[in-house]
Every structure is written in structure tokens, then in C-alpha cells.
Trainee: 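Input: one structure, supplied below.
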Amino acid sequence: MSTSAEFQKVPFAEGARGASRHPGRPTGATVTREIELSAGTVAYEDTGGDGPVVVLLHGLLMDASLWDGTVAGLPAGHRCLAPTLPLGAHLHAMRADADLSLRGAARLVAEFLDRLDLRDVTLVGSDTGGALVQLLIGDGDLAERVSRVVLVSCEAFDNYPARVTGRTLALVGRLSPRLFGLFMQQMRLRAVRRLPIAFGWLTRRGDAATRRWARPVMTRPDIRRDAVRTLRAAASDARALAGAAGALESFDRPALVVWAAGDRVMPPEHGRRLAELLPQGRLAEIPDSRTLVPLDQPERLALAIGEFVGARHG
């Protein structure tokens with residue numbers, strides 16, 4: 001960092017929860033599209049528009065709907081794209097030879113940006129999506145496409161798979177796809193979904209979303225096979241993510257780190273470390289949220305992202 005204060009901590013505006021200064025976009029403005037990539041068919045949500053481009057990445061056993069509330073709260077001029085990556089809640093099974101590790105998913109994101117010829121992108125990642133952003137930061141091929149990044153309460157350093165939640169998934173991923181599917185049937189029960197080993201420490205308010213995200217691995221053998229392939233790569237992915245921290249200091253572009261103030265899965269000190277390592281890093285802490293800030297505080301997150309992007313395009 002160029003100043004004695006190793007990062008700039010941005011106090012987040014208090015007030016009525018859910019309040020937003022932006023009028024947002026009209027309901028129904030987002031369109032679901034599909035694109036054929038090297039690993040298979042990837043669905044993505046696209047608001048369209050000619051304004052600043054924001055690409056949003058979700059985590060394990062999640063889909064693009066993680067970002068619905070946040071996208072709705074962003075200014076209507078932004079073009080927001082949210083792909084559903086093959087991380088266990090996708091609807092299109094990937095090819096048998098596809099690399100479904102996190103490094104493979106990161107390369108798929110790079111391919112997505114390239115195929116759609118997206119430039120001057122603000123790349124946003126929550127949970128494991130933030131790990132993908134970190135893996136991509138060191139990719140020189142993205143230099144002309146990604147102009148700024150936002151990391152939202154995400155895996156970093158030695159925290160992959162993340163604490164009890166992610167490590168339980170990685171352990172269960174050693175099972176055969178059939179047995180993994182049997183284990184995941186428990187997610188039909190809200191009481192199980194709310195446990196710390198499931199989604200309980202990830203979100204206060206997003207149970208309806210977590211129930212929907214668990215459905216593909218409960219009902220689709222081909223999606224279970226994909227999920228197991230991802231989880232079995234956890235050990236090598238953990239080494240890759242730990243190594244990615246060394247590249248953060250070379251990303252001399254605007255970076256916003258948004259963290260749930262009381263996060264029990266993604267340590268708040270990791271948010272501070274990320275903001276310190278990124279040369280133009282800023283830290284914003286959001287109260288009354290667990291890890292999945294896009295579910296628990298979508299309006300506040302939209303305000304933070306909107307102001308961050310607007311500082312460049314305003």
C-alpha cells in the first residue's frame with residue numbers, strides 16, 4: 001500500500017435496514033440466457049444495458065439467484081451478468097472431461113468474459129465466488145477485461161474449504177455420487193439446512209434460496225457427479241488459493257472488500273488482510289449479516305457496489 005494506513009476502511013451507512021438511495025431496475029428486467037463454453041452449457045442472468053458491466057460469481061451449492069436482490073438494488077444503468085457456474089446447483093451437467101476444480105471454474109469465468117467480449121468489468125465474488133476472483137487476479141489474460149474487483153465475505157488464504165461448513169462438504173464429497181446424493185436428502189428438512197454444517201452459519205434470512213439450491217444434487221444424478229468432482233479437488237484447490245494471495249499485491253486497480261461484521265465462516269481478519277494486500281483495497285463491513293451478504297443484506301451490498309463502481313463511472 002502507498003499510505004501508512006494499510007487499507008482504507010469505509011464505514012457503511014447506517015439507517016433503516018434495506019434502504020437504498022438507488023431506484024434500482026424494474027421487475028422482470030433480467031433475462032436468462034445460455035452460452036456454450038468448453039466445459040458445457042452455462043446459464044446466466046443478464047440485465048442488458050450499455051452502462052458499467054458488473055459480473056457476479058456465486059459459491060459452492062449456489063446459483064445465480066444469490067444475486068437477485070443485489071442486482072435489483074443496483075442503478076438501472078448497470079449491465080449485470082450472473083452466471084450459474086458448475087458448483088453443484090447448476091441445471092446443465094458438464095462434459096465428462098471438463099475440469100470442475102476451482103481452477104477449472106476460474107478458467108470458465110475467463111472464457112465467459114472472453115466469449116461475451118466483456119470489458120472494463122467489475123468482477124464480484126461472494127463465498128467461493130470470491131476465491132474464483134482471487135484465482136483470476138493473477139491471470140494476465142484478464143488485464144484488458146477486469147478493471148476492478150469486489151470480494152464479499154469469501155474464502156481466502158488457508159480457509160478453503162471454509163471452516164465447518166465447507167469442510168463437511170469436502171468430507172462428504174469423498175463418497176460415491178449415489179451416497180453423496182443420499183446424504184444430501186437431509187437438506188429437504190429445514191432443521192438440517194439451518195445447522196452450522198449446512199447453511200445455518202451462512203445466512204440468517206435465505207432459507208428459501210438454500211432449499212432451492214440443494215434440489216439439483218438431491219434429484220439429478222448427473223449434477224451429483226459434477227458436484228463430487230468439484231469437492232474431490234478441494235485439497236489441490238486449497239493449495240492454489242493459498243498461493244493466489246501472493247498475486248494480490250500486483251493487482252493495482254480499485255478493489256473493494258465487503259465483509260459481514262460478525263462472520264463465523266469467513267474470518268473478519270481475512271477481510272482486513274485482503275484489503276491490506278490489494279494496493280487500492282478498501283474495506284467495508286456490513287452489520288446484521290452472516291456470510292451470504294447478498295441474501296441477508298442485498299440492498300446494503302448493492303449500495304456499496306453501486307457507489308464503488310460509480311466512483312469510476314460517475
Side-chain angles (χ1 to χ4, degrees), residues 7 9-12 14 17-18 56-63 65-67 69-70 87-89 102 124-134 150-173 183-184 186-187 189-214 231 234 237-238 241-242 245 256-277 281 283-301 304:
F7 60 88
K9 183 173 178 180
V10 181
F12 197 82
E14 294 294 339
R17 181 169 63 84
L56 307 110
L57 309 178
H58 60 80
L60 282 170
L61 289 186
M62 303 174 199
D63 64 22
S65 67
L66 170 70
W67 299 104
T70 303
L87 295 176
L102 288 195
V124 184
S126 170
D127 192 78
T128 312
L132 298 180
V133 173
Q134 294 169 66
V150 181
L151 300 174
V152 185
S153 277
C154 61
E155 283 136 325
F157 308 112
D158 60 351
N159 190 37
Y160 181 80
R163 294 195 169 178
V164 63
T165 304
R167 289 166 193 171
T168 300
L169 260 183
L171 183 63
V172 177
F183 178 88
M184 293 299 293
Q186 301 173 87
M187 294 296 171
L189 303 175
R190 185 181 187 279
V192 174
R193 293 193 301 273
R194 301 309 301 153
L195 291 174
I197 63 170
F199 291 98
W201 281 1
L202 291 177
T203 177
R204 295 180 185 276
R205 304 176 179 91
D207 183 65
T210 64
R211 182 176 65 248
R212 183 174 63 253
W213 295 339
L231 294 171
D237 284 335
L241 181 59
L256 176 65
V257 179
V258 181
W259 223 261
D263 203 321
R264 302 172 73 179
V265 178
M266 313 297 177
E269 58 267 28
H270 282 188
R272 293 188 285 272
R273 284 178 63 191
L274 288 168
E276 290 168 2
L277 285 170
L283 176 66
E285 294 182 342
I286 293 187
D288 192 26
S289 177
R290 293 183 179 165
T291 301
L292 297 181
V293 180
L295 286 185
D296 286 352
Q297 293 289 354
E299 296 90 352
R300 280 176 166 163
L301 180 58

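Note that this is a predicted model, so its numbers are computed, not measured. Nothing fancy with the numbering, it's 1 onward along the sequence.
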Trainee: Quick check: closest heavy atoms across P267 and N159, and the distance to 0.1 Å?
Mentor: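 Here P267 and N159 meet closest at CD-ND2, 3.5 Å.
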Trainee: Given the rule in the side-chain contact (heavy atoms from CB on, under 4.5 Å) test, do E276 and L283 qualify, once you have shown the distances and angles that lead to the verdict?
Mentor: CA-CA 9 Å; E276 290 168 2; L283 176 66; over 6 Å; no
Trainee: How long is the span from the CD atom in Q134 to the CG atom in L151, to the nearest 0.5 Å?
Mentor: 5.5 Å
Trainee: Residues two or more places apart in sequence or in another chain: which of them pass side-chain hydrogen bond (donor to acceptor under 3.5 Å, both in side chains) with T165?
Mentor: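 None.
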Trainee: Could you give me the CA-CA distance, side-chain angles and deciding distance for Q297 and S289, then say whether side chain to side chain donor-acceptor pair (under 3.5 Å) is met?
Mentor: CA-CA 6 Å; Q297 293 289 354; S289 177; 6.0 Å; no
Trainee: Do you know which two heavy atoms are closest between A234 and P161, and how far apart they sit?
Mentor: CB-CG, 3.9 Å
Trainee: Only counting residues at least two apart or in another chain, list the ones meeting ring pair (Phe, Tyr, Trp, His ring centres under 6.0 Å) with H270.
Mentor: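 Result, ring pair (Phe, Tyr, Trp, His ring centres under 6.0 Å) vs H270: F157.
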Trainee: For the residue pair F199 and D207, establish whether any side-chain heavy-atom pair is separated by less than 4.5 Å.
Mentor: no
Trainee: At their closest point, which heavy atom of A191 faces which heavy atom of L195, and how far apart are they?
Mentor: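 The pair with the smallest heavy-atom distance is O-CG, 3.5 Å.
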Trainee: List in chain and number order the residues that pass side chain to side chain contact (heavy atoms under 4.5 Å, CB included) with A89, two or more places apart in sequence or in another chain; answer none if no residue qualifies.
Mentor: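 Per chain and number, A89 pairs via side chain to side chain contact (heavy atoms under 4.5 Å, CB included) with D63, W213.
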Trainee: Heavy atoms only: give me the nearest G69-P298 pair and the separation to one decimal.
Mentor: C-CB, 3.6 Å
Trainee: As an exercise, state the distance from CD of E155 to CG of D237, rounded to the nearest 0.5 Å.
Mentor: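 So the gap between those two atoms works out to 10.0 Å.
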Trainee: Looking at CZ of R167 and OH of Y160, how far apart are the two atoms once the value is rounded to the nearest 0.5 Å?
Mentor: 11.5 Å
Trainee: The criterion is side chain to side chain contact (heavy atoms under 4.5 Å, CB included); which residues satisfy it with L189, sequence neighbours excluded?
Mentor: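 So L189 forms a side chain to side chain contact (heavy atoms under 4.5 Å, CB included) with V192.
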Trainee: With a 4.5 Å heavy-atom cut-off, do L61 and L87 have their side chains touching?
Mentor: no
Trainee: So that I can tick it off, tell me whether D288 and R204 are bridged by a salt bridge, with the cut-off set at under 4.0 angstrom between side-chain N and carboxylate O.
Mentor: yes
Trainee: For R212, give me all partners under side-chain hydrogen bond (donor to acceptor under 3.5 Å, both in side chains), at least two apart in sequence or on another chain.
Mentor: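 Counting only residues at least two positions away or on another chain, R212 forms a side-chain hydrogen bond (donor to acceptor under 3.5 Å, both in side chains) with S65.
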Trainee: Within the 4.5 Å heavy-atom criterion, are R193 and R211 side-chain neighbours or not?
Mentor: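 Counting from C-beta outward, R193 and R211 do come under 4.5 Å.
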Trainee: Can you name the nearest heavy-atom pair linking V265 to A162, along with the distance?
Mentor: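 Here V265 and A162 meet closest at CG1-CB, 3.7 Å.
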Trainee: Which residue, V133, L57, L102, forms the side chain to side chain contact (heavy atoms under 4.5 Å, CB included) with T128?
Mentor: L102
Trainee: To the closest 0.5 Å, what do you measure between CG (L169) and CG (L231)?
Mentor: 5.5 Å
Trainee: Do S126 and V293 come close enough that some side-chain heavy atom pair is under 4.5 Å?
Mentor: no
Trainee: Considering only heavy atoms from C-beta outward, does the side chain of V150 approach that of V258 to under 4.5 Å?
Mentor: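 Answer yes - side chains close enough.
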Trainee: Step by step, would you call W67 with L301 a side-chain contact (heavy atoms from CB on, under 4.5 Å)?
Mentor: CA-CA 10 Å; W67 299 104; L301 180 58; 3.9 Å; yes
Trainee: Under the side chain to side chain contact (heavy atoms under 4.5 Å, CB included) rule, collect the residues that match up with R264, sequence neighbours excluded.
Mentor: W201
Trainee: Can you tell me how far CG of L202 sits from OG1 of T210, rounded to the nearest 0.5 angstrom?
Mentor: 9.0 Å
Trainee: Identify whether the distance between the nearest side-chain nitrogen and carboxylate oxygen of D263 and R290 falls below 4.0 Å.
Mentor: no
Trainee: Any side-chain heavy-atom pair from V152 and V124 closer than 4.5 angstrom?
Mentor: yes
Trainee: Backbone N or O of R205 within a donor-acceptor pair of the D296 side chain at under 3.5 Å?
Mentor: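 It does hold such a pair.
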Trainee: Roughly how far, to the nearest 0.5 Å, is the OG atom of S153 from the CG atom of L292?
Mentor: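 One finds 8.5 Å between CG of L292 and OG of S153.
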